[in-house]
Amino acid sequence: MKTGMCGSMRPRRHAAPRRWRCLILAVLLGSQQLAAQTGSATDALTRAEAELARGAFEQAYQSLSPLEFDQAGDPSFDYVLGVAAQRSGRPGEALMALERVLLADAMHAGARMELMFVYLSLGDLDAAERQILWLEARMPPERAGEAIARARAWIEDRRRAEQIAVSGSIGVAAGYDSNARRGPDALDPATDNLFGSLFGDAFFDAVGERDSAFGVVSGYHTGRRSLANDDRLTWMLQGQTRRYNDETVSAYDLGIATGELGWEHPFDAETDIGVALEAGRIWSDRPLTRLLDQLGTSLTYRQPVGAGSRGHVRLRLRDADYAVTPQQNYRTAMLELGITTPTDSGAGTYAQLMLEREFARDDGPVGQERRAGGDLIGGRLDVGVDIPVRANLAARFAGFITRRHYQEAGFSALTEDFTARERHDSGVGVSLGLQLRLGLHWLLELNLEAERRDSNINFFDYDRASARGGINYVY
């Protein structure tokens, strides 16, 4: 079988030394001759390999970089180019070349070994550790194992020395929403509800479907500080403000700010437990008015599930207080069950089930103490898959279904026969997201979404579709 410089690393019984021979090159910068190739790239590739072996990293990179446009996609070429780029101080270019190798052969241990060093150069310790876990699981030969052990020790020392790690982004976006109000697409004034029968088209104009373009400014910041006994203090801040172009939906120009302060205790590298305090506020931008405050707490447990997956269980308790309509106030208890499964090719899947119970509070004025429908039982299932399209381009396909059942009869003014009913809603949605990395700090995003809600009370039915594109600075 023709293997090129490192060959395929697909597992075979009794073949460990052969599988790992390419790692010796990654550690010692020495290798056997590349398999013969056609064209002028053959001499350049052979020359670059020899230059790497004697430590002439810059010369090796200069030998290959002019050929990248024509040869990119050839795993043998991309691997040597990635090694040369990393060793000559170009980790960004090395990252792209080595990720192309993994797109062609996810079991290429040599590329993963070099990626470990690339991520260390870029300061992405978590990504470097993921490559270490992959390599360790395949029982590397002695010298490769020693290099991996040194890298792991360096990561641990770095994390102890740099107890604080932060990340986040700031971005702007613009888009279009076919139903900014989440309102019904039509009303029959004669039969649909009391308000429709009294006010006709004026009622629909006030609450019905309305499309609009919009702009968004958003950002988030997360951090972690190491404490004694490997415990961690964590925090998160997130904010967003959205403004619609159509003045008739200006009431839906909303701002959202949330924050979280937590503590985590790791049992091992992949298992931990954490608690957090959460707070949030939603306000209207025009005019600036406080709408809703939320305060809560959560308990989360995470651990490996099966081979290569990681699951979590989260219990969340939350209080919601409306500033203008206190009869809408409620308390909620939520249980989340989630699992994520990355793959060797860089793709991954996730699924999360959320079950909730909302308890309506009697905080409103006399005669309107609590919201229509009273308590609520609901659930939501989210699923998705992340797919690497190219070295710097990824796609995410996602979908969800929801069920929400109010426990008391109400909404009589919104029913066809003016009779109070228990409201039952169901919803479904799908989305496609694309992310294009531009260097280390810039990210272009495009998101397309569609959703539908059906209710036993027609007034609450709606359809909507939206498109959004933006750019983010990532740190």
Side-chain angles (χ1 to χ4, degrees), residues 167-187 201-222 236-260 278-295 318 320-326 328-329 396 398 400 402 427 429-436 438 441-453 459-475:
S167 63
S169 74
I170 301 173
V172 295
Y176 168 82
D177 193 324
S178 69
N179 191 354
R181 292 174 175 158
R182 275 55 166 182
D185 60 1
L187 292 174
D201 291 342
F203 178 67
F204 176 74
D205 289 341
V207 301
E209 180 178 302
R210 178 74 69 174
D211 66 335
S212 178
F214 62 84
V216 176
V217 178
S218 61
Y220 78 90
H221 172 86
T222 62
M236 183 275 295
L237 298 171
Q238 186 170 0
Q240 173 182 292
T241 181
R242 175 183 299 221
R243 176 160 294 195
Y244 287 97
N245 185 58
D246 190 336
E247 290 292 331
T248 64
V249 295
S250 62
Y252 297 85
D253 293 341
L254 301 180
I256 302 173
T258 60
E260 181 180 300
E278 305 168 349
R281 170 167 288 186
I282 300 176
W283 65 89
S284 173
D285 285 347
R286 292 190 285 180
L288 188 62
T289 306
R290 180 173 66 89
L291 299 180
L292 172 65
D293 288 335
Q294 292 184 321
L295 184 65
R318 183 177 291 167
D321 292 287
Y322 287 82
V324 181
T325 55
Q328 298 292 330
N329 293 351
R396 166 172 284 191
F400 72 85
T402 63
V430 294
S431 65
L432 166 64
L434 296 174
Q435 292 186 335
L436 177 65
L438 303 176
H441 296 292
W442 293 99
L443 184 69
L444 288 178
E445 291 186 301
L446 173 66
N447 291 283
L448 305 175
E449 301 177 356
E451 65 173 299
R452 177 182 178 85
R453 182 172 70 190
F459 177 77
F460 297 105
D461 294 346
Y462 75 78
D463 298 283
R464 65 176 288 268
S466 68
R468 168 176 165 170
I471 185 169
N472 298 282
Y473 177 80
V474 182
Y475 61 89

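Heavy atoms only: backbone and side chains are in, while hydrogens, waters and symmetry mates are out. Throughout, residue positions are numbered sequentially from 1 according to the sequence presented.
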Is the shortest heavy-atom distance from the side chain of Arg468 to the side chain of Asp177 under 4.5 Å? no
Within the side chain of Asn329, is there an N or O that forms a donor-acceptor pair under 3.5 Å with the backbone of Tyr322? yes
Does a side-chain heavy-atom distance below 4.5 Å link Gln294 with Glu278? no
For Leu254 and Ser284, the nearest pair of non-hydrogen atoms, with its separation, is CD2-CA, 4.2 Å
Got a donor-acceptor contact below 3.5 angstrom from the Ser212 side chain to the Asn245 backbone? yes
Where is the tightest heavy-atom contact between Asp246 and Asp211, given as atom of each residue plus distance? OD2-O, 3.6 Å
With heavy-atom distances below 4.5 Å as the criterion, would you say the side chains of Arg242 and Val216 are in contact? yes
With a 4.5 Å limit on heavy-atom distance, are the side chains of Val474 and Ser169 in contact? yes
Parallel, tilted or perpendicular: rings of His441 and Tyr473 (30°, 60°): parallel
Are the side chains of Tyr252 and Arg181 in touch, meaning some heavy atoms are under 4.5 Å apart? yes
For Val324 and Arg290 the tightest heavy-atom approach is CG2-O, 4.4 Å
Find the distance between OG (Ser218) and CD1 (Ile170) and round it off to the nearest 0.5 Å. 9.5 Å
Locate the shortest heavy-atom distance separating Ser178 from Ala465; write the atom from each residue and the value. OG-N, 2.7 Å
So does Ile256 have more than 12 non-hydrogen atoms from other groups sitting under 6.0 Å from CD1? yes
Whether Asp253 side chain and Tyr244 backbone form a donor-acceptor pair below 3.5 Å: yes
A side-chain contact here means heavy atoms from C-beta on lying under 4.5 Å apart; do Tyr475 and His221 qualify? yes
Testing the basics here: between Asp463 and Asn179, what is the closest heavy-atom pair and its distance to 0.1 Å? O-ND2, 3.0 Å
Applying side-chain contact (heavy atoms from CB on, under 4.5 Å), run through Glu449 and Arg464 and close with a yes or a no. CA-CA 8 Å; Glu449 301 177 356; Arg464 65 176 288 268; 3.8 Å; yes
Supply the atom-to-atom distance Leu446 CG to Gln435 CD, rounded to the nearest 0.5 angstrom. 10.5 Å
Nearest 0.5 angstrom please: Leu237 CG to Tyr220 OH, how far? 12.5 Å
Less than 4.5 Å apart, any side-chain heavy atom of Leu443 and any of Glu445? yes
Closest non-hydrogen atoms of Ala320 and Leu292, given as atom of the first, atom of the second and distance, are CB-CD1, 3.9 Å
Do Phe400 and Glu451 have side chains that get closer than 4.5 Å, going by heavy atoms? yes
Hey, what do you get for CG (Leu436) to CG (Leu438), rounding to the nearest 0.5 Å? 5.0 Å
